Structures are given as C-alpha cells and as structure tokens.
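Reading through the structure tokens given below for one structure.
Source: prediction; values computed, not measured.
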Amino acid sequence: IVLVSAGVVGLLAYLAIVELGVNAGLVHRGVKVGHIDVGGLSQAEAAEKIAEVGEEIRATPIRLAIEGVATIFVYPRDLGWKPRAVHKAEAAMAIGREGGLPAAASDRVSAWFGDHRIAWDEPRPRPLRRGIRSVVRAARTAGVEVSWNAVRTTLIEATFDWPRRDAYEVPAVGPAP
C-alpha cells in the first residue's frame with residue numbers, strides 16, 4: 001500500500017511538472033471567455049481573439065421578437081457593451097496561477113476536465129436602460145406591453161449568446177395601455 005501510494009504521488013507530481021511545462025506562458029487548456037476558447041494561447045493572442053470576436057458580438061444585432069406583433073433590433077454596442085479584451089485575457093491567464101496551491105490546482109483540474117469560463121461584463125447601466133426603454137416603447141407602439149425585467153434579462157442573455165440565435169422571444173404581458 002505504501003509503495004502504491006508513493007507511486008500515485010510520484011505520478012501526480014510528474015503530471016504536474018509536465019503540465020507546468022506545456023502551459024508555460026499560455027492560458028491553460030479548457031479556459032474560455034464567454035464561449036470563446038482561449039486555452040493554449042498566449043495572453044496577447046487571447047486578447048486579440050477576444051477583441052476580434054468581441055467586435056463581431058458588438059456589431060451583430062440582437063433580434064427581439066415580441067409575441068409575433070413586433071420585431072426589434074438592438075446592437076450590443078448601443079447597450080454600452082465592450083469585450084474588455086485585455087482585462088479578460090489577463091483573467092484567463094490568471095486561471096490556475098493565482099490563489100495559492102490548492103486554488104490553482106483546483107482551477108487547473110476544472111479547466112482540464114470541463115471548462116473554466118470567465119463571464120463577460122454586463123452592458124453599462126445607462127445605455128442598457130436606454131435600450132430597454134426603446135424596446136418597451138416599440139412594443140407599446142405595436143400594441144403590447146412587455147416586462148422591463150424580461151426585456152433586460154433577454155438583452156443581457158442575448159448579448160452573451162454567441163453565435164447568436166435568429167431571434168429571442170420577449171413575451172407580452174398584456175395589451176398596451
């Protein structure tokens with residue numbers, strides 16, 4: 001039993017050393033920013049990829065379908081959303097490298113056996129409120145009332161859903177006042 005335990009410890013130490021060498025200077029495999037896989041990239045490459053896809057996300061409209069009576073297009077850039085590529089690449093690079101040995105090891109294992117996602121930042125509050133107001137107004141013009149919270153939730157989820165679906169449903173809560 002002692003020999004087997006020593007063998008297991010030795011194997012784990014060997015694997016840890018190999019893993020450190022393979023990922024030296026690179027984001028650990030399995031790390032994603034939103035849906036963007038940045039594992040195996042340098043921090044600069046990760047920032048470039050995040051910026052490139054982030055600009056696509058900003059420029060691609062979100063199509064909101066309201067109960068079959070209205071279709072409204074909203075752009076994430078108009079909601080004040082930015083990918084913050086350098087910041088997100090730094091966060092990706094820090095996975096498995098910060099927080100002491102137990103936390104770093106836990107992060108690395110979660111990246112190896114699944115994926116370790118770094119969440120996008122939400123759109124800026126003031127532009128987001130303007131976007132929600134424009135959707136609520138457009139729905140009223142079409143003759144239906146929509147929930148502010150439903151519109152907010154849908155806009156935030158749709159911003160981060162990539163690649164984007166054809167349309168995102170916003171339920172009507174009744175006729176417009």
Side-chain angles (χ1 to χ4, degrees), residues 15-16 18-66 70-99 103-136 138 146 148-170:
L15 290 175
V18 168
E19 197 276 336
L20 287 170
V22 167
N23 286 310
L26 302 175
V27 175
H28 292 290
R29 301 237 178 254
V31 175
K32 295 180 180 180
V33 174
H35 290 84
I36 305 168
D37 185 359
V38 294
L41 301 177
S42 70
Q43 186 172 329
E45 291 167 334
E48 187 176 313
K49 186 173 183 179
I50 295 164
E52 182 180 302
V53 175
E55 285 310 310
E56 238 181 286
I57 291 170
R58 278 175 52 87
T60 303
I62 298 165
R63 181 176 179 244
L64 299 176
I66 301 175
T71 299
I72 302 159
F73 293 91
V74 180
Y75 288 84
R77 69 173 174 245
D78 295 337
L79 302 176
W81 182 80
K82 295 180 181 178
R84 299 187 60 214
V86 171
H87 172 74
K88 294 300 176 184
E90 287 171 354
M93 191 63 147
I95 300 297
R97 291 182 170 85
E98 292 183 351
S106 172
D107 285 350
R108 288 179 187 202
V109 169
S110 77
W112 288 339
F113 293 111
D115 62 86
H116 197 97
R117 286 188 196 263
I118 297 167
W120 292 113
D121 296 337
E122 286 195 5
R124 291 182 33 236
R126 185 170 288 141
L128 178 60
R129 282 193 302 270
R130 279 195 304 265
I132 295 168
R133 268 196 299 275
S134 71
V135 171
V136 169
V146 292
W148 179 277
N149 287 334
V151 172
R152 182 184 190 285
T153 299
T154 303
L155 282 176
I156 290 171
E157 287 176 4
T159 297
F160 306 140
D161 187 26
W162 193 256
R164 212 158 268 138
R165 296 190 311 237
D166 288 336
Y168 298 85
E169 291 289 327
V170 177

Distance-minimising heavy-atom pair for [X] and [Y]:
| X | Y | result |
| --- | --- | --- |
| Ala89 | Ile50 | N-CD1, 3.9 Å |
| Ala85 | Ala47 | CB-O, 3.3 Å |
| Pro61 | Phe73 | CB-CD2, 4.0 Å |
| Val38 | Ala92 | CG2-CB, 3.9 Å |
| Arg63 | Thr71 | NE-CG2, 3.3 Å |

Within the side chain of [X], is there an N or O that forms a donor-acceptor pair under 3.5 Å with the backbone of [Y]?
| X | Y | result |
| --- | --- | --- |
| Lys88 | Ala119 | yes |
| Arg164 | Thr60 | yes |
| Arg117 | Gly34 | yes |

Euclidean distance, [Y] [atom2] relative to [X] [atom1], rounded to 0.5 Å:
| X | Y | atom1 | atom2 | value |
| --- | --- | --- | --- | --- |
| Glu90 | Met93 | CD | CE | 10.5 Å |
| Leu41 | His28 | CG | NE2 | 13.0 Å |
| Leu26 | Glu45 | CG | CD | 7.5 Å |
| Arg133 | Leu128 | CZ | CG | 10.0 Å |
| Glu52 | Glu48 | CD | CD | 7.0 Å |

### Message
Quick test of your reading: applying side-chain hydrogen bond (donor to acceptor under 3.5 Å, both in side chains), list the pairs with at least one residue in residues 150-160, sequence neighbours left out, ordered by first then second residue.
### Response
Glu122-Arg152
### Query
In this structure, are over 12 heavy atoms from other groups packed under 6.0 Å from Arg124 atom CZ?
no
### Task
Go through the structure and list residues passing side chain to side chain donor-acceptor pair (under 3.5 Å) with Ser134, not counting sequence neighbours.
none
### Query
Given Leu155 and Val74, is the side chain to side chain contact (heavy atoms under 4.5 Å, CB included) satisfied, shown in steps?
CA-CA 8 Å; Leu155 282 176; Val74 180; 4.0 Å; yes
### Message
Is there a side chain to side chain contact (heavy atoms under 4.5 Å, CB included) between Asp161 and Ile62? Walk through the geometry before answering.
### Response
CA-CA 10 Å; Asp161 187 26; Ile62 298 165; over 6 Å; no
### Query
Would you call Asp121 and Lys82 a salt bridge, taking side-chain N to carboxylate O under 4.0 Å as the test?
no
### Task
May I ask you to say whether Arg58 pairs ionically with Glu55, meaning some side-chain N is under 4.0 Å from a carboxylate O?
yes
### Query
Would you say the side chain of Val27 lies within less than 4.5 Å of the side chain of Ile95, judging by non-hydrogen atoms?
no
### Query
Under 4.5 Å between any side-chain heavy atoms of Trp120 and His35, yes or no?
no
